[in-house]
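Take a look at the structure below.
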Amino acid sequence: MSKIEQIITEIEEYIDNCKFQPLSTSKIIVNKDDIDELLAELRLRTPDEIKKYQKIIANKDAILNDAKERSEAMIAEATAHINQLVSEHEIMQKAYSEANAIIEQAQAEAQGILDSATNEANDLRTRAVQYTDDILSNVQSILTNGISSFEDAQNTLMSEMNSSLNVVVESRKELGAQDDDNAYGADDNDEDGDLTLDLL
């Protein structure tokens, strides 16, 4: 409790203890010296109390201003931090987007290289198969021609051998006919007492 409040309380207690005037319920009898003393004390204390309250108010304003400045600083710091987080988030989003774009481009290039290599491998395989088929075709043609030539030569040889065989057979037939003639002549000679010679 302040000094002024204490003096006011004393004045109130003093008034409560005063006696009423005769035949009155609202007017009291006060001692002028006592009330003057209390009022003088009140007037004396009032400037000090006012200065005290002004100081308290000033301090309160200073505290409020300090709190306001601190709160504004905290809000500014929080705002800056949020802006930084937002900026970092945007940077991260941009980085993610760029990374995804690079990955997609790399995948597309890799797929292109793979497709090109696959096409080249298929082309090489096709050409290798065609080359091998051409070689086998040439070998087949050579073997076919060789077999045909061999068959022709074999047929010619067989024909010549058959011809020779026919000559041999005919020759033997001729020899056999001559032997028969000679056999008949020998019989006649035997009758004449000559020597008979069998060639076969």
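Note: hydrogens, waters and symmetry copies are ignored here, and every other heavy atom, side chains too, is used.
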Taking everything shown except E10 itself, do over 12 heavy atoms lie less than 6.0 Å from its CD? yes
Count the heavy atoms of every other residue, nucleotide or ligand shown that sit under 6.0 Å from CD of E120, and state whether that count exceeds 12. no
F20 to I28 - nearest heavy-atom pair and separation: CD2-CG2, 3.7 Å
Where C18 and V30 come nearest, the two heavy atoms and their spacing: SG-CG1, 3.6 Å
Only counting residues at least two apart or in another chain, list the ones meeting salt bridge (Lys or Arg N to Asp or Glu O under 4.0 Å) with D34. none
Gap separating the [atom1] atom of [X] from the [atom2] atom of [Y], nearest 0.5 angstrom:
X: E72; Y: K68; atom1: CD; atom2: NZ; answer: 5.5 Å
X: R70; Y: I75; atom1: CZ; atom2: CD1; answer: 13.0 Å
X: E12; Y: L38; atom1: CD; atom2: CG; answer: 11.5 Å
X: I11; Y: E41; atom1: CD1; atom2: CD; answer: 9.5 Å
X: I15; Y: I35; atom1: CD1; atom2: CD1; answer: 5.5 Å
X: Q105; Y: N100; atom1: CD; atom2: CG; answer: 13.0 Å

Using the side chain to side chain contact (heavy atoms under 4.5 Å, CB included) criterion, which residues pair with [X]? Sequence neighbours excluded.
X: Q111; value: L114, D115
X: N119; value: none
X: H81; value: Q84, L85
X: I113; value: none

Below 4.5 Å, heavy atoms only, C-beta onward: do E90 and V86 meet side chain to side chain? yes
Any sub-3.5 Å donor-acceptor pair from [X]'s side-chain atoms to [Y]'s backbone N or O?
X: S87; Y: N83; value: no
X: T156; Y: D152; value: yes
X: S163; Y: S159; value: no

Other ILVMFWY residues reachable from M161 by side-chain steps of under 4.5 Å: L157
